[in-house]
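Down below is the structure, laid out as structure tokens.
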Amino acid sequence: MTSPRRSLRAKQTRRSPLLTALTALMLIYSLVPLVWLVINASKTQEGLFTSFGLWFDGDFALLRNIHDTLTYDNGVFVRWLLNTLLYVVLGAGGATALATLGGYALAKFDFPGKRGVFAVVIGAVAVPGTALAVPTFLMFSKLGLTNTPWAVIIPSLISPFGLYLMWTFAASAIPGELLEAARVDGAGELRTFVRICMPLLAPGIVTVALFTMVATWNNYFLPLIMLKDPDWYPLTLGLNAWNDQAATAGGQAIFHLVITGSLLTILPLLAAFLFLQRYWQSGLAAGGVKD
């Protein structure tokens, strides 16, 4: 007769062939573009068209391509990189701070109209950002803020999904008894939030920061309609301008620099996810189990 422990071990080690196959397909789907990008970033302009896309060319030119990317057109790629960092630090950082404050307040304070706020937040999550791009442009045009960094930074401060995530996270991560104990001990609301709640909210804050950072870093459509001066382009617009350069009259094709620049563009995101993965994984899992 099979013991309960052995039966439990058998269930735990059972594998689903269908699930394994689907996971393998998703892994291939995710890694092949990255592998292609790394391989082709090591090729010259001519090597891109004379070699197999998923294998290296005889002339390994990765370091040369990186140097040319950073110095091409008086180092405009570095300017675009600094612009992107500016938008991420102010836009994504501000969105994370506002989502943290708003989510904490909505989770731990009662006030008239709270249900209405909840409905508005849920509705805002369902609205795609592209649907708001044209109205946002018209409003910023009336204010005279188009073609300035503020036209990208200010809309990035609003993150309905980040607010909703921090709302649900704060509701489960911060016990009400802990807040009551701090208030009984004489701690003010600001001190309670900074000294007690912030450490408990750290996984959620990191998760929201990563989501908003990725959204701002990869933002293309909003800068496209807001910015006309190439000096304020983020990396997404700058690389697209390089890619379109071959189609202009007298333009020079620099596809090898576009590919190398794309590789350099995703490296900070990969580093951020790898460095902060233990925080954002726990943040995503928060609230999934109730006591």
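In this chain, residues are counted from 1 in sequence order.
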Exercise. Taking everything shown except Tyr29 itself, do over 12 heavy atoms lie less than 6.0 Å from its OH?
Worked result: no
Exercise. Does the Lys108 side chain pair with the main chain of Leu179, one donor and one acceptor, at a distance under 3.5 Å?
Worked result: no
Seminar exercise, completed: Smallest heavy-atom separation, Asp57 atom then Gly47 atom, equals OD2-CA, 3.6 Å
For this session: For the pair Phe211 and Phe161, name the ring-plane relationship: parallel under 30°, tilted 30 to 60°, perpendicular over 60°.
Result: perpendicular
Problem set entry | Output field: ring centroids Trp150/Phe140 closer than 6.0 Å | no
Exercise. Got a second to check how far Asn40's CG is from Trp55's CH2, nearest 0.5 Å?
Worked result: 12.5 Å
Exercise. Would you call Arg64 and Asp68 a salt bridge, taking side-chain N to carboxylate O under 4.0 Å as the test?
Worked result: no
For this session: Indicate yes or no for a side-chain donor-acceptor contact from Thr236 to the backbone of Asn219 under 3.5 Å, with no hydrogens or angles considered.
Result: yes
For this session: Enter the distance from Leu276:CG to Met213:CE here, rounded to the nearest 0.5 Å.
Result: 7.5 Å
Problem set entry | More than 12 heavy atoms from other groups under 6.0 Å of OH on Tyr164 | no
Exercise. Atom CG of Leu200 and atom CZ of Phe169: how far apart are they, to the nearest 0.5 Å?
Worked result: 8.0 Å
Exercise. Mind checking whether Phe255 and Phe49 have parallel, tilted or perpendicular rings, split at 30° and 60°?
Worked result: perpendicular
Exercise. For Asn240 and Tyr220, does a side-chain donor sit closer than 3.5 Å to a side-chain acceptor?
Worked result: yes
